[in-house]
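Before any comments, here is the structure.
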There are 2 protein chains.
Amino acid sequence: MNIGEASQQSSLPPKTIRYYEDIALVKPARAENGYRDYSTEDVHRLRFLQRARSLGFTIVECRLLLSLYEDDHRASADVKAIAEDKITEIDRKIDHLQSLRLTLVALAQNCEGDDKPECPIIDDLAGVRDQ
Amino acid sequence: MNIGEASQQSSLPPKTIRYYEDIALVKPARAENGYRDYSTEDVHRLRFLQRARSLGFTIVECRLLLSLYEDDHRASADVKAIAEDKITEIDRKIDHLQSLRLTLVALAQNCEGDDKPECPIIDDLAGVRDQ
DNA sequence: TTAGAGGTTCCCCCTGCTGGAAGGTCAAGA
DNA sequence: TCTTGACCTTCCAGCAGGGGGAACCTCTAA
């Protein structure tokens, strides 16, 4: 099938699919006319990539997951380790965002939010210690 | 002062400081020898940028905050609005990450994590509906 | 005089695509 | 038969926010 249908079946934009070929994540055949020709196998890989990316895995991780996906002798422990690493990473990101949030909320609460220039948010950014 | 000292006083790498000049966030003077020459004003701006970036503001937002910082007739409401938008954005990011986390934890919990190939994580990525 | 620690510009690299230009191909309708 | 328009191709450039490194200049101290 052409890239348009592969796109619909994988929920990935054609541009992204071409990019994935560029970085050797999928290797579709070529038709006589030079068009890419996707097999159902190829579409499975694309759908796999779409789902993995949407779960937050990087391209490097997707490459690894894809190789495990296609390895009949894989150990599920290897897959689980990747997932747990990702969970740890997500936890760190959440912690970081929550800490940013706390700071911003504290600053915003102290700001009158009126038409006067006095502003503890600006003061904080400027490094003013007092107030 | 030279870029090295400006770097120390602002906690920003020299590369970043040069980049900020490139995108016109700071405009240091030049000494006779061609070296950048930072005033204390410039260093204040750099410190402001360092703090704002560390709180998660984008370069575009920093540019806006910087102009408010230097506007004696600013309305604190404008600053507060930017901060509140950022909080909303952080909330969305946290929500997204927590939803990813939930999915990944559920998948990881169902995975034996042994040396056998059966793996619900891979099955999910592959779009296998039935477990 | 010479070493080494600074400074300068320039260009490429990263992630993960996205947009656009310039052109080839195919199926359907007038 | 011609044309239109949808689809396909390749290539090039760009986003954020810098980082790495080359090739070169300048200053200071021994």
Side-chain angles (χ1 to χ4, degrees), chain A residues 1-39 42-43 45-66 86 89-90 93 96-97 100, chain B residues 1-39 42-43 45-66 86 89-90 93 96-97 100:
Chain A
M1 78 190 72
N2 286 347
I3 200 170
E5 199 182 335
S7 166
Q8 289 195 335
Q9 293 197 18
S10 64
S11 309
L12 286 171
K15 279 275 190 184
T16 301
I17 298 180
R18 291 194 195 97
Y19 172 67
Y20 287 172
E21 180 178 353
D22 233 49
I23 59 174
L25 279 177
V26 269
K27 292 116 178 162
R30 291 288 176 143
E32 294 279 309
N33 58 11
Y35 286 18
R36 289 170 178 81
D37 186 13
Y38 294 87
S39 65
D42 292 328
V43 172
R45 294 176 65 99
L46 290 174
R47 293 177 60 88
F48 185 97
L49 287 166
Q50 192 279 329
R51 176 76 175 142
R53 289 288 298 127
S54 79
L55 282 179
F57 292 105
T58 66
I59 294 287
V60 169
E61 289 159 348
C62 285
R63 207 182 290 277
L64 197 49
L65 287 168
L66 210 43
K86 183 54 64 177
E89 190 187 322
I90 289 174
K93 284 187 184 173
H96 183 228
L97 288 173
L100 293 185
Chain B
M1 77 191 73
N2 285 347
I3 200 171
E5 199 183 334
S7 166
Q8 290 195 335
Q9 293 197 19
S10 64
S11 308
L12 286 172
K15 278 274 192 186
T16 300
I17 297 180
R18 291 193 194 99
Y19 173 66
Y20 287 172
E21 180 178 354
D22 233 49
I23 60 175
L25 279 177
V26 269
K27 294 116 178 163
R30 291 288 175 145
E32 293 281 308
N33 57 12
Y35 286 17
R36 290 169 178 82
D37 186 13
Y38 293 88
S39 65
D42 292 329
V43 172
R45 295 177 66 99
L46 290 174
R47 293 178 61 88
F48 185 96
L49 287 166
Q50 191 280 330
R51 175 76 175 144
R53 289 286 300 127
S54 80
L55 281 180
F57 292 105
T58 66
I59 295 286
V60 169
E61 288 158 349
C62 286
R63 207 181 290 276
L64 197 49
L65 287 168
L66 210 43
K86 182 56 62 178
E89 189 189 322
I90 289 175
K93 284 188 184 171
H96 183 227
L97 288 173
L100 294 185

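Within every chain, numbering begins at 1; the chains are lettered A, B, ... in the order of the sequence lines, protein sequences first and strands thereafter.
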Task: Whole-Å gap separating C1' (C:dT15) and CD1 (A:Ile23) - done: 10 Å

Open item on the list: If we ignore hydrogens and angles and just use 3.5 Å, is the side chain of B:Asn2 paired with the main-chain N or O of B:Gly4 as donor and acceptor?
Closed with: no

Open item on the list: It should be established whether B:Tyr19 places a side-chain nitrogen or oxygen under 4.0 Å from OP1 or OP2 of nucleotide D:dA16.
Closed with: no

TODO: Quick one: label A:Pro13 by what it contacts on the DNA or RNA (base, sugar-phosphate, nothing), any heavy atom closer than 4.0 Å.
DONE: sugar-phosphate

Task: side chain to side chain contact (heavy atoms under 4.5 Å, CB included) between B:Thr16 and B:Arg53, intermediate numbers included - done: CA-CA 12 Å; B:Thr16 300; B:Arg53 289 286 300 127; over 6 Å; no

Open item on the list: Just N and O in the side chain of A:Arg53: are any of them under 4.0 Å from OP1 or OP2 of C:dC17?
Closed with: yes

TODO: Starting from P on C:dG16, measure out to CD on A:Glu61 and report it in whole angstrom.
DONE: 9 Å

- [ ] Map B:Phe57 and A:Arg36 onto DNA chain D by nearest heavy atom, then report which one ends up closer to the 5' terminus.
- [x] A:Arg36

TODO: Nearest whole angstrom, please: distance from the C1' of C:dG19 to the NZ of A:Lys15.
DONE: 6 Å

Open item on the list: For a quick test of reading the model: is some side-chain N or O of A:Asn33 closer than 4.0 Å to OP1 or OP2 of D:dC8?
Closed with: no

Open item on the list: Does a side-chain N or O of A:Tyr35 approach OP1 or OP2 of C:dC26 to a distance below 4.0 Å, or not?
Closed with: no

Open item on the list: Under a 4.0 Å threshold between the charged nitrogen and the carboxylate oxygen, would B:Glu89 count as salt-bridged to B:Lys86?
Closed with: yes

Task: Nucleotide D:dG17, atom P - distance to CG of B:Leu49 in whole Å - done: 12 Å

TODO: Return the value, rounded to whole Å, for the distance between atom CD1 of B:Ile3 and atom C1' of D:dT26.
DONE: 15 Å

TODO: May I ask you to test the B:Arg30-B:Arg36 pair for a side-chain heavy-atom distance under 4.5 Å?
DONE: yes

- [ ] May I ask you to verify if any side-chain N or O of A:Thr16 is less than 4.0 angstrom from the OP1 or OP2 atom of C:dT18?
- [x] yes

Task: Protein-nucleotide distance (A:Tyr20, atom OH; C:dG16, atom C1'), rounded to Å - done: 7 Å

TODO: Would you indicate, yes or no, if C:dT9 has its OP1 or OP2 atom less than 4.0 angstrom from a side-chain nitrogen or oxygen of B:Arg30?
DONE: yes

- [ ] Rounded to the nearest angstrom, tell me the gap between atom CD in B:Glu32 and atom C1' in C:dG7.
- [x] 16 Å

Task: Under 4.0 angstrom between A:Arg18 side-chain N/O and D:dC8 OP1 or OP2 - done: no

Task: Length of the line joining A:Asp37:CG and D:dT9:C1', which is rounded to integer Å - done: 15 Å

